[in-house]
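Any value given below was found using the heavy atoms of this structure, including those in side chains, with hydrogens, waters and symmetry copies removed. These numbers come from a predicted model, not from an experiment.
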Amino acid sequence: MKLRGTAYTVISSVFFGILPIFVKFALNTGLKTNQIILIHDFRLLLVFFPFSLTIYHKKRYLRVSRNSYVVLVILV
């Protein structure tokens, strides 16, 4: 299980690292910066719903301590 989580983290970081290359291609095609940000936010919104349904279906709730919650609110 720990190896799978590590692999997911590495894959995620690789895709996050190459994201600027795709943004550069998008800018070269004529998209404006605010359009790229809107597309990115829409992509995150599309991921949120299946993720939420999976957590609800598997009955694995994300419990956050009070101190961690304060830090999350400050970071967001």
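Considering CG of L44 and CD1 of I39, their distance stands at 12.5 Å, rounded to 0.5 Å. With values rounded to the nearest 0.5 angstrom, F48 atom CZ is found 9.0 Å from L53 atom CG. Distance check: L38 CG to L45 CG gives 10.5 Å after rounding to the nearest 0.5 Å.
The cationic group of K58 does not satisfy the cation-pi geometry with Y56, failing either the under 6.0 Å distance to the six-membered ring centre or the 45° limit from the ring axis.
T33 is listed as a side-chain neighbour of I37, based on a closest heavy-atom distance under 4.5 Å.
Looking at residues two or more places apart in sequence or on another chain, you find a side-chain contact (heavy atoms from CB on, under 4.5 Å) between K24 and N28. Looking at residues two or more places apart in sequence or on another chain, you find a side-chain contact (heavy atoms from CB on, under 4.5 Å) between F51 and I55, L62. Remark: R63 pairs with no residue by the side-chain hydrogen bond (donor to acceptor under 3.5 Å, both in side chains) rule, at least two apart or across chains. Listed by chain and residue number, N67, S68 satisfy the side-chain contact (heavy atoms from CB on, under 4.5 Å) test with S65 (two or more places apart in sequence, or in another chain). Residues passing the side-chain contact (heavy atoms from CB on, under 4.5 Å) test with I36 are V23, A26, L27, L31, sequence neighbours excluded.
By the 4.5 Å side-chain criterion applied to Ile, Leu, Val, Met, Phe, Trp and Tyr, F22 is assigned to a cluster that also includes I11, F15, I18, I21, F25.
In terms of modelled atom types and a separation under 3.5 Å, the side chain of S12 and the main chain of Y8 share no donor-acceptor contact.
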